[in-house]
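As structure tokens, the structure follows; a few thoughts come after it.
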Amino acid sequence: MKDAKIYLESHGLIPLSPAEGLVSLVDLILGPGVTGNWWGHDRANDAYNAYSALANDPNVIVVKLIDYKVTLVHRNIWNPIFKIALDDKRISWRKSSLSPEGLRLFEIVEKFGSVGLDFIVSELEMSRTTLTKERKKLEGWGLVLSKEEHTSSGRHDIVLESWTSAARKRVVAPPASLTLISAYQEIKSRIGRHKLSLALP
């Protein structure tokens, strides 16, 4: 766990699951070479516990960033991440491809800032299946952040957070001198040929 935290601080980001050419959290906790579904590994709980601890670190955000999969991102590179995520042109471009249900979901997250799926189900006339489908689009297109949290009833719930809320809570304000292209190149330089959910139009 200590090695994983040090690695994340020094490299800025780390995917949860194995990704070709990149070091993942699973690699660091379970050892390299884990293929397929790592949940079947006899030390899977160790990897999950390490992920949970890092995901709840105030210096870390969780984003479906690399190949649209769970990625831990350290404060050290929040400026380029938020620069892209908060870009109005990029947001409008992504919103234009959302379904009516997806747009409603996006708008309710924007309205509340941070909201759990259980609450959204009670607020919107939308089935859990449809909600899950649209939620994955928002995550995959970098329109929201998401994290699994324990509820008071002991269940797990997915909490969606808007980028605006995340920036305000974490006091992130990318400098005006940081251009959108520079921010994009900074992140791409860290993930190689892998796809970036925070794509530009």
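Keep in mind that this is a model prediction, so the values were computed, not measured.
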What distance separates [X] [atom1] from [Y] [atom2], expressed to the nearest 0.5 Å?
X	Y	atom1	atom2	result
Ser97	Lys137	OG	NZ	9.0 Å
Leu30	Asp46	CG	CG	7.0 Å
Leu8	Arg75	CG	CZ	12.5 Å

### Task
Report the C-alpha separation of Arg193 and Glu20 in whole Å, then their side-chain angles, then the decisive distance to 0.1 Å, and conclude whether the side-chain contact (heavy atoms from CB on, under 4.5 Å) test is met.
CA-CA 10 Å; Arg193 64 179 182 79; Glu20 186 178 351; 2.8 Å; yes
Return the minimal non-hydrogen interatomic distance between [X] and [Y], and the atom names on each side.
X	Y	result
Gly102	Leu138	O-CD2, 4.1 Å
Leu178	Ala183	CD1-N, 4.1 Å
Leu72	Val60	CD2-CG1, 3.9 Å
His194	Lys188	O-NZ, 3.0 Å
Lys69	Thr71	O-OG1, 3.0 Å

Within-4.5 Å side-chain heavy-atom neighbours: [X] and [Y]:
X	Y	answer
Ser24	Ser17	no
Leu160	Ile108	no
Val144	Glu139	yes

[Y]/[X] salt bridge by N-O under 4.0 Å criterion:
X	Y	result
Arg104	Glu134	no
Glu186	Lys83	no
Glu101	Lys133	no

## Note on the structure
Tracing side-chain contacts under 4.5 Å among Ile, Leu, Val, Met, Phe, Trp and Tyr outward from Leu198 reaches Leu13, Leu22, Ile61, Val63, Leu65, Ile66, Val73, Ile77, Trp78, Ile81, Phe82, Ile84, Leu86, Leu145, Trp163, Val172, Leu180, Ile181, Tyr184, Ile187, Ile191, Leu196, Leu200
#### Entry: Other cluster members, Trp93 - Ile/Leu/Val/Met/Phe/Trp/Tyr, side-chain contacts below 4.5 Å
none
### Query
Checking salt bridge (Lys or Arg N to Asp or Glu O under 4.0 Å) for the pair Glu161/Lys169: CA distance, chi angles, key distance, verdict?
CA-CA 11 Å; Glu161 184 176 15; Lys169 288 180 181 178; 3.7 Å; yes
Exercise: do [X] and [Y] side chains pair donor with acceptor under 3.5 Å:
X	Y	answer
Trp141	Ser197	no
Asn49	Ser52	no
Ser127	Thr130	yes

### Cluster link Val159 to Leu143, ILVMFWY, side chain under 4.5 Å
no
### Task
Treating Ile, Leu, Val, Met, Phe, Trp and Tyr as nodes and any side-chain heavy-atom pair under 4.5 angstrom as an edge, say whether Tyr68 and Val62 lie in one connected cluster.
no
### Message
Ring-plane angle category for Tyr7 and His11, please: parallel below 30°, perpendicular beyond 60°, tilted otherwise.
### Response
parallel
### Message
Evaluate Asn59 against Arg170 for side-chain contact (heavy atoms from CB on, under 4.5 Å), listing each step before the verdict.
### Response
CA-CA 9 Å; Asn59 292 312; Arg170 296 163 179 82; over 6 Å; no
#### Entry: Worked verdict on Arg90 versus Asp87 for salt bridge (Lys or Arg N to Asp or Glu O under 4.0 Å)
CA-CA 5 Å; Arg90 185 195 75 87; Asp87 181 68; 5.9 Å; no
### Task
List the steps, then state whether side-chain contact (heavy atoms from CB on, under 4.5 Å) holds for Leu54 with Leu25.
CA-CA 10 Å; Leu54 289 173; Leu25 183 60; 3.9 Å; yes
